Amino acid sequence: MSSHGRSGPPAAAAPEPTFAEQARTLVHLRRAGTLGTLSRRHPGHPFVSIMPYAPDERGRPLLLISRLAMHTQNLEGDPRASLLVAQAGEGDDPLALARVTLLGRAGRVDAAARPAAREAYLARHPGAVHWVDFEDFAFWRLDLADVYFVGGFGAMGWVEAPGYEAASPDPLADAAADIVGHMNRDHPDALVAYARALGGLEADRAEMVAVDRLGFKLRVESRGELRGCRIPFAREAVTAGQCRAVLIEMLEDCRRRPAP
């Protein structure tokens, strides 16, 4: 199937989480996106807004919005909307970063579901406690019709909404930034060893750019050129402790291998 199919990332030597898992992970990690609604003032014209959100248990975005806001007025006229959520990466090429577009119809959260929405939203945006109970504010939820995920150059595809909602964020998601920072700061020689022995690259230096339960990605400099590679874990790692143990074992294996 082509990279525009719905079955997950393109086939590769190193296994990766599915597009559904990657999309859920990105929505889990971020706190705000760009909301697209249909303008009431200019019918049919897209209108975009910065929008804080909190995902519910199925990854659907919960929004806390005032009835005075233009996007709220737009949704009252036409509930169709999209939310773009993009990976953080200041200074990087934005087209190389992951992003996901969630398409659906927005509607107010009913009274029975409001306590759960309130709890989930304030866990992500504690400062909203100062206006969450104002009469002109209400919780809305984007009920999904489809999902489009882009993992970077050459990795993109549609994800069926039920598949997205059934997936779980990667178990290393909340620890990934610390793992990446630690490896880049304290173990640059190990990253070079991984790139050479496991990635097959003549690496002068290497930087870890991402990690998940199945492996990690490196940005490798070789003779002045930059290349990317993915290294699979020897076994699945679902905690930071397991990740550390696997990385140590893999480094020991690299050092036992004969020099090329």
Side-chain angles (χ1 to χ4, degrees), residues 20-41 45-92 94 97-151 159 161 164-165 167-170 173-178:
E21 292 175 290
Q22 293 183 57
R24 280 295 304 269
T25 299
L26 181 54
V27 172
H28 167 77
L29 288 172
R30 303 298 290 154
R31 299 293 186 271
T34 304
L35 179 71
T37 57
L38 293 172
S39 175
R40 188 177 68 171
R41 180 180 177 90
H45 203 96
F47 182 93
V48 294
S49 316
I50 296 297
M51 182 56 59
Y53 71 89
D56 69 3
E57 71 283 355
R58 289 161 52 184
R60 299 172 300 180
L62 296 166
L63 317 175
L64 177 63
I65 51 180
S66 167
R67 65 171 178 263
L68 301 178
M70 188 56 62
H71 42 250
T72 308
Q73 296 176 36
N74 292 341
L75 291 173
E76 288 173 339
D78 190 323
R80 290 177 295 174
S82 296
L83 184 72
L84 170 68
V85 178
Q87 179 185 2
E90 186 175 351
D92 291 328
L97 300 176
R99 57 268 193 196
V100 59
T101 302
L102 307 173
L103 300 88
R105 300 174 75 89
R108 287 185 178 83
V109 172
D110 62 31
R114 190 181 189 281
R118 187 181 191 278
E119 181 180 4
Y121 193 89
L122 291 180
R124 291 298 184 98
H125 305 283
V129 71
H130 299 296
W131 58 84
V132 66
D133 296 319
F134 287 0
E135 288 186 1
D136 63 312
F137 276 83
F139 283 106
W140 290 61
R141 183 181 63 227
L142 185 62
D143 290 320
L144 302 180
D146 217 341
V147 176
Y148 191 71
F149 177 76
V150 180
V159 177
Y164 166 87
E165 294 181 10
S168 297
D170 188 83
D174 293 322
D178 289 339

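Only a predicted model underlies this, so the values are computations on that prediction, with no experimental measurement involved.
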Atom pair CG/OG of L103 and S82 - distance to nearest 0.5 Å: 3.5 Å
Do M51 and I65 have side chains that get closer than 4.5 Å, going by heavy atoms? yes
Using the ring pair (Phe, Tyr, Trp, His ring centres under 6.0 Å) criterion, which residues pair with H125? Sequence neighbours excluded. Y121
Do any N or O atoms from the side chain of Q73 and from the backbone of L68 form a donor-acceptor pair under 3.5 angstrom? yes
Check whether R40 reaches the backbone of L75 with its side chain - one donor and one acceptor, N or O, closer than 3.5 Å. no
Enter the distance from H45:NE2 to T37:OG1 here, rounded to the nearest 0.5 Å. 11.0 Å
Could you give the distance from CD (E119) to CG (D56), rounded to the nearest 0.5 Å? 12.5 Å
I need the minimum non-hydrogen distance between G36 and V48, along with the two atoms involved. CA-CG1, 4.1 Å
Has the side chain of Y53 got a donor or acceptor atom that lies under 3.5 Å from a matching backbone atom of V27? yes
Are the charged groups of R114 and D133 less than 4.0 angstrom apart, N to O? yes
So V132 and F139, do their side chains get closer than 4.5 Å, heavy atoms only? yes
What verdict does the side chain to side chain donor-acceptor pair (under 3.5 Å) test give for D170 and H28, after you've listed the backbone C-alpha separation in whole Å, the side-chain angles of each residue and the deciding distance to 0.1 Å? CA-CA 9 Å; D170 188 83; H28 167 77; over 6 Å; no
Quick test of your reading of the model: are R67 and E135 salt-bridged, counting only N-O distances below 4.0 Å? no
Backbone of E165 reached by a side-chain donor or acceptor of R24 within 3.5 Å: yes
Heavy atoms only: give me the nearest L26-R99 pair and the separation to one decimal. CD2-CA, 3.6 Å
Is the backbone of R31 close enough, under 3.5 Å, to the side chain of R124 for a donor and an acceptor to pair up by distance? no
If every non-hydrogen atom of A23 is compared with every non-hydrogen atom of V147, which pair is closest and at what distance? CB-CG1, 4.5 Å
Here the gap from L83 atom CG to L142 atom CG, rounded to the nearest 0.5 Å, amounts to 7.0 Å
Could you tell me if the side chain of T34 sits less than 4.5 Å from the side chain of I50, heavy atoms only? yes
Shortest non-hydrogen pair, L64 vs A128, comes out as CD2-CB, 4.1 Å
Taking all heavy atoms of P52 and all of L63, pick out the closest pair and write down the distance. O-CD2, 3.9 Å
Please evaluate residues D174 and L29 with respect to the criterion side-chain contact (heavy atoms from CB on, under 4.5 Å), reporting the C-alpha separation (whole Å), side-chain torsions for both, the decisive distance (0.1 Å), and the verdict. CA-CA 7 Å; D174 293 322; L29 288 172; 4.0 Å; yes
Can you name the nearest heavy-atom pair linking L62 to A120, along with the distance? CD1-CB, 4.1 Å
Do L84 and T101 have side chains that get closer than 4.5 Å, going by heavy atoms? yes
